[in-house]
Amino acid sequence: ERRRPVIDISRFADQWLVATVRPKSVRINLPSVDQISVFSARKDDLSDISKNRDLAVENEPLIRASVAATNGHYYVNAYPKLWRLDAATQQWRMLGVDTEVHGFQVAPNNGTVAAYRIKGGFSKLYVSGDHGNTWTKYGNPSYVIMDIRFANPNQGSAVRWNTGALSGTIELWDYDRANDAWTKTSEAPAGCKQVFADAAQNVKLCVTPDGNILGKTDGKWGIEYAAY
């Protein structure tokens, strides 16, 4: 277990939480896992680290293992379930999302969680405003969905891949709670293959295949880092 890949190290008050994965196979040229393990430690050098819990990945390999730490909670996406650890009580809870969870995002500093299933026309989106205790089904953005984030239950954004005849484009969409609908607001610059959001859940950075990083300021994209 000491040789397993580490996917997260988080600090909660007087303890550390460490998440590792157990590789299972290679699927579509991406590594897959069949188990996520969470360890805890009190000492800063992690010399007292011990296993907290193993979470099995069921039904199919999890291509993108993910965890999130915020507001005293530790969320783990062990497909098809989303789990939450209360860091203070050390109690685990399987969250009652009414779908299998392919991905999720947690807003920092409040209890908003977005959990989604990505299956074409059968995709689903659920949003919680109370750390995952209760959930509401929302309309989901058009597929192919890459990511969905909510800053609060009324303010959401999505990243989708629009596949063209010879290439594709990353599109950015915003959510309208009043109409439970999504609207395309902009596109990432040509060549962008992955985008990243800031702490406020706004898409701010884009990475190109050759390693360049573009930043978005006042609605305009510019070079943040040139690889060559």
Side-chain angles (χ1 to χ4, degrees), residues 7-8 27-32 62-70 75 77 79 82 99 101-110 112-128 138-228:
I7 61 171
D8 181 72
R27 184 177 183 181
I28 320 177
N29 296 322
L30 292 173
S32 299
L62 181 68
I63 291 178
R64 186 178 63 178
S66 56
V67 303
T70 185
Y75 299 84
N77 182 198
Y79 181 88
L82 180 61
T99 186
V101 178
H102 287 109
F104 77 99
Q105 294 290 349
V106 182
N109 304 321
N110 67 49
T112 304
V113 187
Y116 49 90
R117 170 195 189 193
I118 303 176
K119 287 214 172 169
F122 300 97
S123 299
K124 293 182 179 180
L125 167 65
Y126 286 83
V127 176
S128 170
Y138 282 33
N140 52 271
S142 301
Y143 55 88
V144 176
I145 300 168
M146 298 177 68
D147 191 21
I148 303 175
R149 297 172 179 269
F150 274 76
N152 57 62
N154 296 316
Q155 182 183 352
S157 61
V159 179
R160 70 177 295 266
W161 179 256
N162 184 9
T163 303
L166 300 176
S167 62
T169 303
I170 291 179
E171 298 179 346
L172 308 180
W173 291 59
D174 282 346
Y175 179 71
D176 177 8
R177 182 59 182 147
N179 297 304
D180 191 28
W182 293 84
T183 303
K184 176 184 170 182
T185 57
S186 63
E187 296 181 356
C192 285
K193 296 302 180 184
Q194 191 171 5
V195 294
F196 297 90
D198 61 12
Q201 305 294 71
N202 298 311
V203 171
K204 287 293 185 182
L205 297 174
C206 145
V207 179
T208 67
D210 52 7
N212 294 320
I213 300 175
L214 307 180
K216 188 178 182 183
T217 304
D218 296 330
K220 297 181 180 180
W221 292 90
I223 294 290
E224 292 281 341
Y225 170 80
Y228 300 101

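Values reported hereafter were calculated over all heavy atoms of this structure, with side chains retained and with hydrogens, waters and symmetry mates removed.
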How far does CD1 of I223 sit from CD1 of I213, to the nearest 0.5 angstrom? 9.5 Å
Of all pairs that satisfy side chain to side chain donor-acceptor pair (under 3.5 Å), the ones with a partner from residues 218-227, not counting sequence neighbours: none
Is there a donor-acceptor pair closer than 3.5 Å between any side-chain N or O of N140 and the backbone N or O of L125? no
Please determine, by modelled atom types, if Y175 and N154 share a side-chain donor-acceptor pair under 3.5 angstrom. no
Roughly how far apart are I145 CD1 and K119 NZ, rounded to 0.5 Å? 13.0 Å
May I ask you to decide if T112's main-chain N or O and N152's side chain share a donor-acceptor pair within less than 3.5 Å? no
Between H102 and Y79, is the ring centroid distance below 6.0 Å? yes
Any heavy-atom pair between the side chains of R117 and Y126 that's under 4.5 Å? no
Donor-acceptor contact present, side-chain T185 to main-chain L172, <3.5 Å: yes
So F150 and W182, would you call those rings parallel, tilted or perpendicular, with 30° and 60° as cut-offs? perpendicular
Would you mind reporting whether V127 and V113 have side-chain heavy atoms less than 4.5 Å apart? no
Where do W173 and S142 come nearest, in terms of heavy atoms and distance? CH2-OG, 4.0 Å
Atom pair NZ (K216) and CG (L205), whose distance is rounded to the nearest 0.5 Å: 11.5 Å
Residues in salt bridge (Lys or Arg N to Asp or Glu O under 4.0 Å) with D176, at least two apart? none
Does N77 use its side chain to pair, donor to acceptor, with the backbone of V101 at less than 3.5 Å? yes
From T169 atom OG1 to R160 atom CZ, the distance as rounded to the nearest 0.5 Å: 10.0 Å
Whether R149 side chain and Q105 backbone form a donor-acceptor pair below 3.5 Å: no
Closest heavy-atom pair and its distance - G139, D180: N-OD1, 2.8 Å
